[in-house]
Amino acid sequence: MSRLLLVGVFEKEDDILSVTRAAKDQGLSIVDVYAPYAVHGLERALGLKASKISVVCLLAGIAGAVLKLWFEVWASTFDWPVDVGGKPWNSLPAFVPMTFEVMVLFAGVATVTALFIATGLRPGRKPKAVVPGVTDDRFALVIEETDAAFDLPAVHRLLEEHNAVLIEERVEETEAP
Amino acid sequence: MNQELHFTPSPRTRLLLRLLAGVGVLSLLAGAALAPERAWGSLFMASYALVCLGLSGTFFIALTYACGASWAVALRRIPEAMSAVMPFGAVGVAAVLLFRPSLYPWTHEAAAHELSGFKAAWLNWPFFLARAAVYFAVWLLFTRLIVRTSRAQDRDGDPAHTFRNTKLSVAFLPLFAVTFSMASVDWIMSLEPEWYSTIFGVYTFSGLFSSGLAVIILLAIWMRRTGPLRDFVTEEHLHDLGKLLFAFATFWMYIWFSQYMLIWYANMTEETVHFIARQRSFWLPLLVLNVILNWGIPFLALLPKFTKRTPSTLAKVAAVVIAGRWLDLYMMVQPTVTAGAITFPWIELGVMAGAGALVVVVFLRAFRQAPETPVRDPYLTESLHYHN
């Protein structure tokens with residue numbers, strides 16, 4: 001199967017924001033928006049849900065803290081008690097700094113790993129820029145033709161109204177990632 | 001805009017303020033008659049809290065100028081008006097230092113406390129008073145200069161005022177770090193003359209700023225709900241204030257624990273004396289409660305994004321931090337006032353309630369003296385369109 005994609009290229013942050021809002025309002029199916037940097041308010045214009053990556057961070061942090069605390073209690077109280085300054089074997093204040101460090105380590109590494117998995121970033125992945133300018137000074141909106149009611153000339157007009165500098169129609173094989 | 005300048009609180013709020021002020025005065029008078037030592041101690045605690053609150057206002061403004069933080073411009077009049085509280089606290093602290101030096105054991109039983117040479121020389125009353133005068137002079141001078149420059153900009157809109165305030169702020173921040181650190185050592189650490197803690201200045205600063213942020217949040221939400229800042233303070237500003245409160249509550253915990261763990265680990269008599277006095281009998285649950293109020297609750301509550309953007313939730317967390325601030329000061333001062341004995345703190349709570357009413361009254365008076373937002377600050381537009 002293949003689908004028809006309509007790519008609109010814009011020069012200004014304000015234009016990409018307003019055209020994204022307008023396309024969303026008209027119920028068009030937006031495939032994605034490409035921008036050279038994080039545009040404030042774009043996630044709201046696109047209606048994106050909050051990222052779940054913070055949940056990964058929280059759970060990994062809790063796991064790291066619990067594991068490290070358990071390990072310290074087990075090692076210094078049950079497996080190999082060592083007298084340090086006459087303190088009790090099971091001295092919580094002494095465990096806190098390492099528990100904190102391991103929590104941060106687990107949370108940090110897990111967050112970055114989850115990000116790479118979720119976005120498919122891996123060694124050897126081919127970059128795919130919808131138009132070359134989006135890594136430099138252009139913004140691109142990609143709209144998908146969903147059904148027969150898709151009014152191509154109207155969408156063209158919408159993109160032009162918001163100062164599109166280039167409009168391209170593309171046919172894409174949907175099997176490709 | 002001119003109508004908003006004459007903002008007055010609702011009759012219910014005014015009644016509540018009068019009641020709180022009455023409670024404060026009555027507690028102080030009754031305390032003076034029944035337990036003078038505790039009355040002076042609570043006067044000191046409340047005055048020190050007011051000084052810190054005023055300083056946190058100035059510090060917040062100086063911080064935003066120094067790092068060019070344009071987001072906070074729209075709500076800058078709140079910390080500006082808060083800083084007007086400082087002179088009232090200064091009067092209270094001065095009264096305690098001048099008329100009740102016996103609060104400080106080294107003033108009257110120096111022989112009983114075998115102080116080292118430097119400490120004995122440092123802790124003498126005339127020098128102690130002179131230092132306090134210098135601290136207040138620095139704080140009041142810089143507060144006055146920064147607030148005056150900010151308000152001068154309302155008239156002519158000259159960006160030169162922004163540059164001048166940036167310079168003043170950059171000069172104030174290191175001076176503040178040194179003077180506030182020394183003031184905390186002088187006024188609070190010397191309540192236990194033998195005790196040493198090299199991190200104490202950072203510890204009191206962390207409490208100053210997290211509670212100051214909590215008060216800024218409460219006042220911003222109040223002014224937003226009742227009108228004057230309705231069009232200026234957005235959810236984005238509250239979100240950022242919430243993030244700062246989250247960060248500084250955690251900073252407070254970090255410093256609290258740094259102080260505790262090093263003293264616990266080294267286990268040296270002149271250092272542990274402080275915590276031993278605060279872990280006996282009823283002090284231990286209070287010690288734990290202090291950590292829960294100042295860090296546990298704000299940390300967990302402000303972890304998700306939506307709590308920082310929901311004014312009612314954010315206000316509740318800020319109120320918890322303010323309660324924690326009272327307990328933190330109580331834990332610092334009270335064991336030295338009552339020699340470790342624990343009693344129901346009705347004097348201390350009552351006087352602090354009165355101080356709270358004073359803060360609101362002084363804040364409103366100062367807030368009304370200028371437009372509710374820095375109308376001609378070059379960064380105001382940027383601040384109003386700020387987006388997280």
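What you are looking at is a predicted structure, and each value in this text was computed from that prediction instead of being measured. Each chain gets a letter, A, B and so on, in the order its sequence line appears, and its residues count up from 1.
- Nearest approach of B/M261 to A/P97, heavy atoms of both residues: SD-CG, 3.5 Å.
- Counting heavy-atom neighbours within 6.0 Å of A/F78 CZ, excluding the residue itself, gives a total of 12 or less.
- Atom CZ of A/F71 has 12 or fewer heavy atoms from other residues, nucleotides or ligands within 6.0 Å.
- Here OH of B/Y254 is found 7.0 Å from CZ of A/F100. Values are rounded to the nearest 0.5 Å.
- Residues B/Y265 and A/P93 fail the side-chain proximity criterion, which asks for heavy atoms closer than 4.5 Å.
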Verdict with supporting geometry, A/H40 and B/H385, side chain to side chain contact (heavy atoms under 4.5 Å, CB included): CA-CA 11 Å; A/H40 283 307; B/H385 293 125; over 6 Å; no

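- With a 6.0 Å radius and a threshold of 12 heavy atoms from other residues, nucleotides or ligands, B/R225 has its CZ atom at or below the threshold.
- Within a 6.0 Å sphere centred on OH of B/Y379, heavy atoms belonging to other residues, nucleotides or ligands number 12 at most.
- Counting only distance, with no hydrogens or angles, the side chain of B/K305 and the backbone of A/A50 share no donor-acceptor pair below 3.5 Å.
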